[in-house]
Undergrad: 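Dropping the structure in here first, questions after.
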Amino acid sequence: MHKKVLLLLALTALVLAACGASTPSGENFTFGVILVGPQNDHGWSQAHYEGGQYVVENLPGAEMIVFESLNPADKPEATLEGVVDEMVAQGATLIITTSDEFEEDTTTVAAKYPEVTFVNVSGDDALTGEGPANLSNIMGRMEEMKAIAGCAAALTTQTGQLGYVGPLINHETLRLTASAYLGAQHCYETYRGLDADDLEFTVSWIGFWFNIPGVTSDPTEVTTNFIDTGVDVVLSGIDTTEAINVAGQRAAAGDAVWAVPYDYLAACDNAPDICLGVPFFNWGPDYLALATAVVDGSWTQSWVWSGPNWADLSDLDSSAVGWLNGPGLSEEAAADLADYISKLASGEVAVWTGPINLQDGSAYIAAGEVGSDEQVWYLPQLIEGMNGPSQ
Amino acid sequence: MSSKRPFIQRIWPLLPGLAALLITTLLLMGMGTNPVDAYAAMWQGAFGSSARLYSVLAFLVPLLLAASGLLLTFKAGLWNIGIEGQIIMGAIAASWVALRVELPAGLQIPLELLAAMAGGGLWALLAGVLKTRGGVHEIFGGLALNNLAILFTNYLIAGPWQPPEGGSFRGTQTFGAHALLPLFDNSRLSLLSLALAVLAFAGVALLLTNSHWGLRLKALGKNARSAFLLGVSSQRELLLAMALCGALAGLGGGVRVLSWFDSLRQSISGGIGYLALMVVLLAGFRLVLTPLVAFFFSAVLNGSITLQLRTQLHSALGDILTGILVLLVLLFGNYERVRNALQKRRRAQHG
């Protein structure tokens, strides 16, 4: 008798365990991803596209609908609202709009479809309370990765001149560009023993996230111009890969130049030999968590600033942002960079440590203090010592 | 032989269309998609619901306005490539009123639309004067002015008209509700603007077919020198044609900012002017065909949004279809020309 009861209990436990452990099913779950650029740009948009694919691979049965290149220059006939209408008609219950360009329109359209979950990447309407209850924001905590990028550049430069190809000016681009500068300064001084004030760091804003002929400055020309004026490491802050492409061509022609691309894991592939590494977004894990939460009904409004897995910056299952060394990074520089990364990881060094003044000379973060999340997120200008416009 | 010719001639204009359809179908099959599904998706995207149809009509308004204007300039023998910039300057002028002027309800919107027409008209006039006084061909002058208009937009967005919360390159601060065109049934369509576009087209048609001025333009377009000898003042007619075309294009730009969007955006036209050029070329400069072709373009482009979402094919398919169509029509659309060319070749071959 006892045996039978035990057996029954064991069986029940097994069944329960099996139920509990089963992966959530994405059957009948459709989600939409709206991209500002093409899905194969080797940059920002492709990183999001592959984040969506990660969901499809890890949430069995889930289906993704993608709309690419939604911007008035490429698609004057399309609006975010029209695309969302169609996605909802196709059954999408989660829609991710992956640009700050979509922030306002996402908030408007989210109010129109209260039963659909919306996520705007890089916005702050869920933080400020401007967005309706079915809207979240997410962004990768890219600041330290940009500092690592700046460090790699400072460890490599021979001319002491770094160039940053920036998109347009807003809080996000200001803080990322400034982070790269802070990392560069730190490493120039700490590892090379040089005066950080001698490091030239110039930002050139092209006017948009990617090149629109006739509308923005041409990033190819901007990069060429940098190299012609003595810059030997070009960092990219735009969605596409012109900086590394041009640097690769110039290196092939005999110039001693390097590049640090941005956004996309495999961006170094465009010119591996001169690539010092890439700070990249890895949206997959966060998108999967979002999709799973929508499927099982546990989703709640949030504003997420998702950080790296410091134990392994290249772990694609856990790190929302990361850094990969490129083949162009020398062994010596790689050793110093590894030391910098480990100190960031342990908290021994913080990127945003004062004294930090704004470009106009006003004090922003006092000596010895570390900038708060809010101070970093809403950085109003470039910081003192950087060349280039703040507005 | 001779009894066959009229038939060929009659169906000839359809052939480029059929050929374009065939090429697109092959392209779709090459991409591994069932073309029937693809066309069905496009159809539904354009006409599948009333909301879709409103969107097609809303995009049609500036396109038809610009195309109507181009009928005038083409008639005068002008290549008004600068139409893109004229749309943009119309949008800028309308935005200026929307942002900086506050009038009683009945005056606000008329003033915005008038400003749009003035903005586009003056910009076109500039291209015209560059041609008549400066000897700058309207194609080059127009292209330069297009770029200037874009740069001006970018300056306004990034500078004086940027939203109070700070710079984004997306657009200026949003206009107040009083400044926006009333929208129909939660769509982007303003019935007022649609009515204006239809009126504008009818006016252009009337001018071209039933007015002395239309005849003079035609004489100018056919042969500027002999028209001059016949006493048609070419400068005045050219400038007037440009200004009218620019005014209509500018009105289209105004409609873009006041109803399609709610602020001045970067790439506010996004190539609608160039699209209008394709419309008029495809229509073979014929009055009746122009609004039909414009409607067709708007439907194809709107339909291709749904096409991309349903099939996940390359998103430029709508552009590819319209592009192939225009190319084929330009190459083979004119039966007489094709026949003459063939005969010439045959004669050359036979020595």
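Side chains included, hydrogens not; waters and symmetry mates left out as well; all remaining heavy atoms used. Quick caveat: nothing in here was measured; it's all calculated off a predicted structure.
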Undergrad: Given heavy-atom pairs under 4.5 angstrom as the criterion, report whether the side chain, backbone, both or neither of B/Q312 touches chain A.
TA: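 Side chain only.
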Undergrad: Output the option from B/N154, B/N186, B/N147 having the highest count of non-hydrogen pairs under 4.5 Å with chain A.
TA: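 Ranked by contacts with chain A, first place is B/N154.
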Undergrad: Going by side chain to side chain contact (heavy atoms under 4.5 Å, CB included), A/S390 matches just one of A/L358, A/L382, A/V203. Which one?
TA: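 Result for side chain to side chain contact (heavy atoms under 4.5 Å, CB included) with A/S390: A/L382.
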Undergrad: Which bit of A/E77 comes within less than 4.5 Å of chain B, counting heavy atoms only: side chain, backbone, both or neither?
TA: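 Answer is both: backbone and side chain atoms of A/E77 are under 4.5 Å from chain B.
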Undergrad: Checking B/R256 against chain A: side chain, backbone, both or neither under 4.5 Å from a heavy atom?
TA: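 For B/R256, the side chain is the part near chain A, not the backbone.
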Undergrad: Parallel, tilted or perpendicular, judged at 30° and 60°: which one describes the rings of A/Y378 and A/H171?
TA: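 The arrangement is perpendicular - the two ring planes meet at more than 60°.
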Undergrad: What orientation do A/W305 and A/W377 show, parallel under 30°, tilted 30 to 60°, or perpendicular over 60°?
TA: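 Ring orientation of A/W305 relative to A/W377: perpendicular.
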Undergrad: Pick one of side chain, backbone, both or neither for B/S269, based on which atoms fall under 4.5 Å of a heavy atom in chain A.
TA: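 Looking at B/S269, just its backbone touches chain A.
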Undergrad: I'd like to know if the side chain of B/T306 pairs up with that of A/E86 as donor and acceptor (distance under 3.5 Å, no hydrogens or angles considered).
TA: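 There is such a pair between these side chains.
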Undergrad: Where on B/I150 is there a heavy atom nearer than 4.5 Å to chain A: the side chain, the backbone, both, or neither?
TA: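 Looking at B/I150, just its side chain touches chain A.
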Undergrad: For A/Y164, does the six-membered ring have the charged nitrogen or CZ of A/K146 within the cation-pi criterion, i.e. under 6.0 angstrom from the centroid and within 45° of the normal?
TA: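 Not satisfied by the 6.0 Å and 45° rule.
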Undergrad: Tell me, for A/L70 versus chain B, whether the close heavy atoms (under 4.5 Å) come from the side chain, the backbone, both or neither.
TA: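 For A/L70, there is no contact with chain B at all, as no heavy atom is under 4.5 Å.
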Undergrad: Flag the one option from A/D105, A/D74, A/N71 with the top tally of heavy-atom pairs under 4.5 Å to chain B.
TA: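 So the answer, after comparing A/D105, A/D74, A/N71, is A/D105.
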Undergrad: When you check the gap from the basic side-chain N to the acidic O, do A/D85 and A/K112 get nearer than 4.0 Å?
TA: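 So A/D85 pairs with A/K112 through a salt bridge.
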